[in-house]
Q: 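After the C-alpha cells below, expect a handful of questions from me.
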Amino acid sequence: MRTVRLTADTQRDILDSLLKRSPNNYSEYEDIVADIIKNVRENGDQAVFSYTKQFDKWEIDQDNVRVSDGEIEEAFNAIDTRFIEVMKKSADNIARFHKKQLHNSWIDPKPDGSILGQKILPIAVSGVYVPGGKAAYPSSVLMNVIPAKVAGVRKIIMTTPAGADGKVNPGTLAAAKIAGVDEIYKVGGAQAIAAMAFGTESIPKVDKITGPGNIFVALAKKACFGYVSIDSIAGPSEILVIADETANPRYVAADLLSQAEHDELASAILITTDEKLAEEVNIQIDGFLKVLPRAEIIRKSLDNYGYILLADSMEDAVIAADAIASEHVEILTKEPYAVMTKIHNAGAIFLGEYSSEPLGDYYAGPNHILPTNGTAKFFSPLNVDDFMKKTSIISYSKEALEKAHEDIELFAEKEGLSAHANSVRVRFTDM
C-alpha cells in the first residue's frame with residue numbers, strides 16, 4: 001500500500017479519489033435503466049420474463065417465477081448443517097439487537113384539553129433484493145429481513161436472480177427461510193426493482209425496497225425512489241483503521257484486506273501515528289497476498305484506493321477519519337474507547353484488537369448495511385425505524401384553541417394564506 005504523510009492536501013486528494021466511486025457517477029447507464037423500468041411498468045410479467053431470458057439465460061413464466069417450498073427444502077438439504085446452525089445463531093443475535101430499537105406510540109394530554117401524540121406502525125409490505133451468482137451473501141439476507149420482521153412488517157418478499165438452470169443459490173434460500181421471508185421470486189437486475197416498485201401480475205408491489213446490487217440495481221432503486229421508499233444507494237465497501245504503536249500489524253493488515261477483497265473499487269485505509277507500524281503492516285500485507293485466493297482483486301483494490309496515512313497526532317487522525325466518514329472504522333489504539341468518543345462520522349465502529357470487521361458482517365447483531373461514500377455524515381445503518389412510519393396526532397379542545405387562535409391567524413396572514421387564518425377564525429366569530 002502507498003504510504004503518504006497526512007496533510008490537508010493529501011486528505012483532500014484522497015476524498016476526491018474516493019468520491020469518484022459514488023453511484024451518482026453512473027449517469028451513462030441511466031437511460032438503459034429508465035427503459036427497463038418503463039417496460040416493466042407498462043408490460044408487467046411479459047417484460048420481466050423477457051429480460052430474465054435475455055440476461056439470466058433461462059425460461060421463466062408464471063408457473064416457475066416463485067420459489068416453491070420444495071426448492072427451499074432442497075436448499076436446506078444441500079447445505080452443511082453446521083452452517084445452518086451458525087446462520088440461526090447469527091439471526092438470533094441480529095433480532096436481539098434490533099428489538100432494542102423498537103419505539104412505542106405515545107400520547108401527551110395537557111390540562112387545557114390539548115392532546116399531542118405519535119402513532120408508530122410498520123409499513124405493510126417490504127421487498128428485499130439479493131444478488132445472485134458468485135455474489136450471493138446469505139448474511140445480507142438476514143440483515144435486510146430481520147429488522148423488518150422485528151418492526152412487524154406484515155409481508156416480506158424477496159427477489160433474487162436464478163442461474164441458467166433456474167435454481168437460486170441454496171444459502172440465499174436457507175437464509176431467507178430462517179429470516180422469515182414470505183415469498184421469493186427468481187428475478188434479478190433493474191427489472192426486479194421495477195417489478196417490486198410497481199407490481200406485476202406475479203410479483204406484488206412493495207412499500208420499501210432494501211438490499212445491495214450492481215450498478216443497474218442501484219440506479220433502478222434511485223429511479224424508483226418516490227414510488228417506493230428505499231434504504232440507500234450502496235457504494236463500494238470501505239474500511240478505515242485508526243492505529244497507534246500498540247496495534248498488532250498482522251491484525252491490522254488482515255482487517256484491511258478483509259474489505260479490499262470485495263471488489264476493485266473497495267477502499268482500505270490505515271491512519272497511524274507510528275511509522276514503524278506502517279512499515280510492518282505493509283510487510284504483513286505482502287505475506288497475506290501470497291496465500292489469499294482473491295489476491296488479484298485485493299491488489300487492484302489497494303492500488304486504486306488503498307492508503308497508509310501517517311498522522312502527526314491522534315487528533316489529526318480523528319479529524320481525517322471524520323472527514324472520510326468510512327463505512328467501517330476500526331480503532332486499534334491504547335485507549336480505543338477514548339478515541340471512539342471523538343469520532344462523529346462512521347457507519348459502524350469496532351473497538352479493540354478482537355473486534356475485527358467480519359464480526360459485524362456476520363455475527364454480532366448490529367446491521368452490516370451501512371452508509372458508504374461519506375454518507376455516514378448524514379445516514380445511519382439499516383435499522384428498525386427504516387421499516388416503521390410515524391403519524392402525528394393532534395387534538396385541541398375549544399379552550400385550548402381559543403388561547404392560541406390569534407397567534408395562528410397572525411402566522412397564516414403573514415404567509416399570505418388568508419384561508420388558513422379563516423379556518424381558525426371562523427370557529428370564534430360568534431365571540
Side-chain angles (χ1 to χ4, degrees), residues 24 41 97-127 147-156 196-199 205-210 221-233 322-323 325 341-347 366-367 369-371 373-431:
N24 291 321
R41 191 174 183 183
F97 177 85
H98 286 83
K99 283 176 181 176
K100 296 182 183 296
Q101 298 175 344
L102 284 167
H103 299 289
N104 295 320
S105 300
W106 56 271
I107 291 289
D108 183 22
K110 298 291 179 62
D112 64 2
S114 63
I115 299 174
L116 301 178
Q118 189 172 92
K119 186 177 182 180
I120 304 176
L121 292 171
I123 62 175
V125 184
S126 181
K149 294 294 289 186
V150 169
V153 175
R154 186 181 73 244
K155 184 177 183 180
I156 301 174
M196 288 192 285
F198 299 104
K205 173 178 167 44
V206 305
D207 300 312
K208 180 158 193 159
I209 300 173
T210 67
K221 287 172 67 177
K222 183 179 179 182
C224 291
F225 176 66
Y227 297 100
V228 292
S229 176
I230 63 171
D231 49 353
S232 64
I233 308 297
D322 259 352
T341 61
K342 300 173 184 177
I343 296 290
H344 297 93
N345 304 321
N367 211 288
I369 300 167
L370 304 168
N373 272 105
T375 60
K377 294 175 182 177
F378 44 83
F379 281 147
S380 304
L382 190 72
N383 61 82
V384 167
D385 279 350
D386 287 308
F387 301 95
M388 308 293 285
K389 54 190 181 70
K390 302 176 178 70
T391 301
S392 299
I393 298 170
I394 302 169
S395 175
Y396 266 44
S397 66
K398 182 178 180 180
E399 176 190 358
L401 186 59
E402 186 174 3
K403 293 178 181 178
H405 79 93
E406 291 181 353
D407 293 344
I408 300 167
E409 291 161 20
L410 176 62
F411 218 135
E413 295 288 3
K414 291 298 183 181
E415 292 192 348
L417 299 174
S418 57
H420 278 62
N422 185 62
S423 173
V424 177
R425 186 181 293 116
V426 71
R427 286 163 166 76
F428 300 98
T429 52
D430 291 339
M431 300 175 63

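For reference, positions follow the sequence shown, starting with 1.
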Q: Can you tell me if NZ on Lys110 sees more than 12 non-hydrogen neighbours from other groups inside 6.0 Å?
A: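 Result for NZ/Lys110: open.
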Q: Taking all non-hydrogen atoms of both residues, which atom of Ala325 and which atom of Ala376 are closest, and how far apart?
A: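 Result for this residue pair: O-CB, 3.7 Å.
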Q: What's the spacing between Tyr396 OH and Leu116 CG if we round to 0.5 Å?
A: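 One gets 5.5 Å once the value is rounded to the nearest 0.5 Å.
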Q: Assess the residue pair Leu401 and Arg427 against the criterion (side-chain contact (heavy atoms from CB on, under 4.5 Å)); give the C-alpha distance rounded to whole Å, side-chain angles, the decisive distance to 0.1 Å, and a yes or no.
A: CA-CA 9 Å; Leu401 186 59; Arg427 286 163 166 76; 3.9 Å; yes
Q: Would you compute the distance between atom CD1 of Ile230 and atom NZ of Lys222 and round it to the nearest 0.5 angstrom?
A: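 Reported value, rounded in 0.5 Å steps: 9.5 Å.
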Q: Mind checking side-chain contact (heavy atoms from CB on, under 4.5 Å) for Lys155 and listing every partner two or more places apart, or none if nothing turns up?
A: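 With neighbours one apart ignored, the set is Val125, Ile157, Asp182, Glu183, Pro204.
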Q: Taking only residues two or more places apart in sequence, or in another chain, which ones meet Asp207 in a side chain to side chain donor-acceptor pair (under 3.5 Å)?
A: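 Partners of Asp207 under the side chain to side chain donor-acceptor pair (under 3.5 Å) test: none.
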Q: Taking all non-hydrogen atoms of both residues into account, name the closest pair between Ser232 and Lys221 and its distance.
A: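 Closest approach of Ser232 to Lys221: O-NZ, 3.2 Å.
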Q: Which residue pairs pass the side chain to side chain donor-acceptor pair (under 3.5 Å) test with at least one member in residues 409-421, sequence neighbours excluded?
A: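 Every side chain to side chain donor-acceptor pair (under 3.5 Å) pair that includes a residue of residues 409-421, provided the two are not neighbours, is His405-Glu409, Glu413-Arg425.
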Q: Which pair of heavy atoms, one from Asp108 and one from Trp106, lies closest together, and at what distance?
A: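 That closest heavy-atom pairing would be CB-CZ3, 3.9 Å.
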Q: If you round to the nearest 0.5 Å, how far is CD1 of Ile408 from OG of Ser423?
A: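 Going from OG on Ser423 over to CD1 on Ile408, the span is 9.5 Å.
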Q: If you round to the nearest 0.5 Å, how far is CG of Leu370 from CG of Asp231?
A: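 It is 11.0 Å, given to the nearest 0.5 Å.
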Q: How far apart are the closest heavy atoms of Val153 and Pro122, and which atoms are they?
A: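 Heavy atoms only, the tightest pair is N-CB, 3.8 Å.
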Q: Can you name the residues that form a side chain to side chain donor-acceptor pair (under 3.5 Å) with Thr210, not counting sequence neighbours?
A: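 Side chain to side chain donor-acceptor pair (under 3.5 Å) list for Thr210, sorted by chain: Asn144.
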Q: Under the side-chain contact (heavy atoms from CB on, under 4.5 Å) rule, collect the residues that match up with Tyr227, sequence neighbours excluded.
A: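 side-chain contact (heavy atoms from CB on, under 4.5 Å) list for Tyr227, sorted by chain: Arg41, Phe198.
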Q: Please collect all side chain to side chain donor-acceptor pair (under 3.5 Å) contacts where either partner lies in residues 113-127, sequence neighbours excluded, each pair once.
A: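 Found Asp112-Ser114.
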Q: Tell me every residue that passes ring pair (Phe, Tyr, Trp, His ring centres under 6.0 Å) with Phe411, counting only those two or more places apart in sequence or in another chain.
A: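 Partners of Phe411 under the ring pair (Phe, Tyr, Trp, His ring centres under 6.0 Å) test: none.
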Q: Show me the donor-acceptor pairs, under 3.5 Å and distance only, between side chains in residues 381-392 and residues at least two apart or in other chains.
A:
from: Asn383; atom 1: OD1; to: Asp385; atom 2: N; distance (Å): 2.9
from: Asn383; atom 1: ND2; to: Pro381; atom 2: O; distance (Å): 2.8
from: Asn383; atom 1: ND2; to: Asp386; atom 2: OD2; distance (Å): 3.4
from: Asp386; atom 1: OD2; to: Asn383; atom 2: N; distance (Å): 2.8

Q: According to side chain to side chain donor-acceptor pair (under 3.5 Å), who are the partners of Asp322, at least two apart in sequence or on a separate chain?
A: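 Testing Asp322 for side chain to side chain donor-acceptor pair (under 3.5 Å), a comparison that skips the adjacent residues, returns His344.
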Q: Excluding sequence neighbours, so at least two apart, what forms side-chain contact (heavy atoms from CB on, under 4.5 Å) with Asn104?
A: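 Applying side-chain contact (heavy atoms from CB on, under 4.5 Å) to Asn104 gives none.
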Q: Can you measure from CZ (Phe379) to CD1 (Ile233) and round to the nearest 0.5 angstrom?
A: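 Going from CZ on Phe379 over to CD1 on Ile233, the span is 9.0 Å.
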Q: Can you name the side-chain contact (heavy atoms from CB on, under 4.5 Å) partners of Ser397, sequence neighbours left out?
A: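 side-chain contact (heavy atoms from CB on, under 4.5 Å) list for Ser397, sorted by chain: Glu399, Ala400.
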